[in-house]
Amino acid sequence: MKPFVITIDGPSGAGKGSLALRVAKALGFHILDSGAIYRLAALKALKSGADLQDEQGVLDAIRDLDIRFERGDELTIPYLDGVDVSNDIRSEQTASAASIIAAYPLVRERLLQLQRDFFQPPGLVADGRDMGTTVFPDAKIKIFLHASAEERAKRRYKQLKSMGIEANMADLLREIEERDERDRNRAVSPLVPASDAIIVDSSMMDLDQVFDLVMQHIEDVNAGRAPVID
Ligand code: DC
């Protein structure tokens, strides 16, 4: 079969990352965690002391962005300038910074080709906000995964705790709502489902259920049973 792209877009904490890893593993596909790319760029900007409110300053800071990912069995390890920054990029400070710099058109443009280069045979599972709308508009399969803000705050809380990072539920909920607001309302590549995406609400579903539903959809599309929506 010709290599193809599966995009999984949605707000933070909807379960895109876990779903993407599982689908990629099941199909033997490559994986692109585009949020991690924005987080790495944000971390680079923070480390170089750039003023996050200054688009040109941020752009200068990420001009020579040295990033790579090492794929483990269960998780992907991100490196910035040769250093494992798994914990740093998951902090709320980096998440907020990522959301700020992600609103800059020139930053998005700078990171576009870098993301497209992840599409290699036998295929790619790409997760983010604009995978189906901007980065891979011709993707064969597009999923838009969402869940209520409360449910997502709960999941993030558990995830941070398990990584040994202190967290507060009320703060997390507020930060998630602020980030949603910024991601949805920015002028460039806002968080909206592609017109040809299937929309999945994971609020009341666990990962197994979402995974089964998505794998069934992929099978149906590949077998010509489900229409590719135009
Ligand atoms: O998915 P995440 O929480 O790791 O993403 C971090 C931030 O990066 C998020 O606030 C929005 C931004 N982002 C984006 O604008 N476009 C993407 N494709 C992925 C992430």
Side-chain angles (χ1 to χ4, degrees), residues 1-42 65 67-79 86 89-90 95 98-99 101-102 107-147 152 179 183-184 186 188-200 202 207 210-211 213-222 226 228-229:
M1 193 180 291
K2 247 175 81 183
F4 62 95
V5 179
I6 300 167
T7 61
I8 304 177
D9 287 307
S12 93
K16 303 183 303 286
S18 315
L19 177 66
L21 261 177
R22 226 156 129 185
V23 172
K25 218 168 149 180
L27 299 174
F29 276 22
H30 298 281
I31 194 158
L32 165 62
D33 173 359
S34 61
I37 305 252
Y38 282 94
R39 285 167 186 259
L40 284 165
L65 193 60
I67 62 174
R68 71 185 167 86
F69 294 91
E70 238 172 52
R71 177 94 174 263
D73 207 29
E74 289 306 321
L75 67 166
T76 303
I77 303 167
Y79 288 85
S86 307
I89 67 159
R90 291 295 144 208
S99 167
I101 70 159
V107 168
R108 301 198 73 85
E109 200 183 298
R110 162 76 182 83
L111 299 176
L112 188 60
Q113 192 56 45
L114 195 151
Q115 295 174 81
R116 288 187 173 149
D117 289 344
F118 277 73
F119 180 28
Q120 302 284 341
L124 178 71
V125 181
D127 101 58
R129 304 293 189 290
D130 61 340
M131 298 296 98
T133 50
T134 306
V135 182
F136 299 107
D138 299 329
K140 189 173 183 181
I141 313 262
K142 297 183 183 179
I143 313 287
F144 190 86
L145 187 66
H146 71 104
R152 289 184 283 130
R179 215 180 315 152
D183 292 348
R184 282 198 185 107
R186 66 175 174 234
V188 196
S189 287
L191 173 64
V192 287
S195 56
D196 50 354
I198 63 156
I199 299 184
V200 179
S202 75
L207 179 58
V210 177
F211 173 74
L213 189 147
V214 167
M215 290 306 288
Q216 186 60 54
H217 177 65
I218 296 169
E219 245 178 59
D220 288 347
V221 170
N222 281 336
V228 177
I229 307 158

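In this chain, residues are counted from 1 in sequence order.
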Using a 4.5 Å cut-off on heavy atoms from C-beta on, say whether the side chain of [Y] contacts that of [X].
{"X": "Val135", "Y": "Val5", "answer": "no"}
{"X": "Thr133", "Y": "Phe144", "answer": "no"}
{"X": "Pro78", "Y": "Arg68", "answer": "no"}
{"X": "Met131", "Y": "Gln115", "answer": "yes"}
{"X": "Leu65", "Y": "Leu111", "answer": "yes"}
{"X": "Asn222", "Y": "Lys140", "answer": "yes"}
{"X": "Leu145", "Y": "Asp127", "answer": "no"}
{"X": "Val200", "Y": "His217", "answer": "no"}

Can any side-chain N or O of [X] pair as donor or acceptor with the backbone N or O of [Y] at less than 3.5 Å?
{"X": "Ser86", "Y": "Ile77", "value": "no"}
{"X": "Arg108", "Y": "Ala102", "value": "yes"}
{"X": "Lys16", "Y": "Ile8", "value": "no"}

For the pair Lys142 and Phe136, evaluate side chain to side chain contact (heavy atoms under 4.5 Å, CB included) and give the outcome as yes or no after the intermediate values. CA-CA 9 Å; Lys142 297 183 183 179; Phe136 299 107; over 6 Å; no
Nearest-0.5 Å distance, [atom1] of residue [X] to [atom2] of residue [Y]:
{"X": "Asp138", "Y": "Asp196", "atom1": "CG", "atom2": "CG", "result": "9.0 Å"}
{"X": "Leu32", "Y": "Gln120", "atom1": "CG", "atom2": "CD", "result": "11.5 Å"}
{"X": "Phe69", "Y": "His30", "atom1": "CZ", "atom2": "NE2", "result": "14.5 Å"}

side-chain contact (heavy atoms from CB on, under 4.5 Å), paired with Leu19, selected from Val125, Leu213, Val210: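 In the set Val125, Leu213, Val210, the residue that makes a side-chain contact (heavy atoms from CB on, under 4.5 Å) with Leu19 is Val210.
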Intermediate values then yes/no, side chain to side chain contact (heavy atoms under 4.5 Å, CB included), Asp220 and Gln216: CA-CA 6 Å; Asp220 288 347; Gln216 186 60 54; 3.1 Å; yes
Shortest non-hydrogen contact from [X] to [Y]?
{"X": "Gly28", "Y": "Pro122", "answer": "O-CG, 3.4 Å"}
{"X": "Asp183", "Y": "Arg186", "answer": "OD1-NH1, 3.5 Å"}
{"X": "Ser12", "Y": "Arg129", "answer": "CB-NH2, 3.3 Å"}
{"X": "Ser189", "Y": "Asp130", "answer": "OG-OD2, 3.2 Å"}
{"X": "Ile31", "Y": "Ala24", "answer": "CD1-CB, 4.1 Å"}
{"X": "Ser34", "Y": "Gly128", "answer": "OG-CA, 3.2 Å"}

Going by the rule side chain to side chain contact (heavy atoms under 4.5 Å, CB included), which residues pair with Ser18 if we only count those two or more places apart in sequence or in a different chain?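 Once residues adjacent in sequence are excluded, the partners of Ser18 under the side chain to side chain contact (heavy atoms under 4.5 Å, CB included) criterion are Leu207.
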I'd like to know whether Ser99 forms a side chain to side chain donor-acceptor pair (under 3.5 Å) with Arg179, so could you lay out the CA-CA distance, the side-chain angles of the two residues, the decisive distance to 0.1 Å, and finally the verdict. CA-CA 6 Å; Ser99 167; Arg179 215 180 315 152; 5.4 Å; no
Please list, chain by chain and in numerical order, all residues satisfying salt bridge (charged side-chain N to carboxylate O under 4.0 Å, His left out) with Asp9, sequence neighbours excluded.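 Per chain and number, Asp9 pairs via salt bridge (charged side-chain N to carboxylate O under 4.0 Å, His left out) with no residue.
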Ring pair (Phe, Tyr, Trp, His ring centres under 6.0 Å) partners of Phe29, counting only residues at least two apart: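 By the ring pair (Phe, Tyr, Trp, His ring centres under 6.0 Å) rule, Phe29 matches Phe4.
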Thr76 and Leu21: side chain to side chain contact (heavy atoms under 4.5 Å, CB included), yes or no, with the steps? CA-CA 9 Å; Thr76 303; Leu21 261 177; 4.3 Å; yes
One pair to check against side chain to side chain contact (heavy atoms under 4.5 Å, CB included): Leu114 and Ile67. What are the steps and the verdict? CA-CA 10 Å; Leu114 195 151; Ile67 62 174; 3.9 Å; yes
Is the shortest side-chain N to carboxylate O distance from Asp33 to Arg90 below 4.0 Å?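 A salt bridge is present here (some side-chain N lies under 4.0 Å from a carboxylate O).
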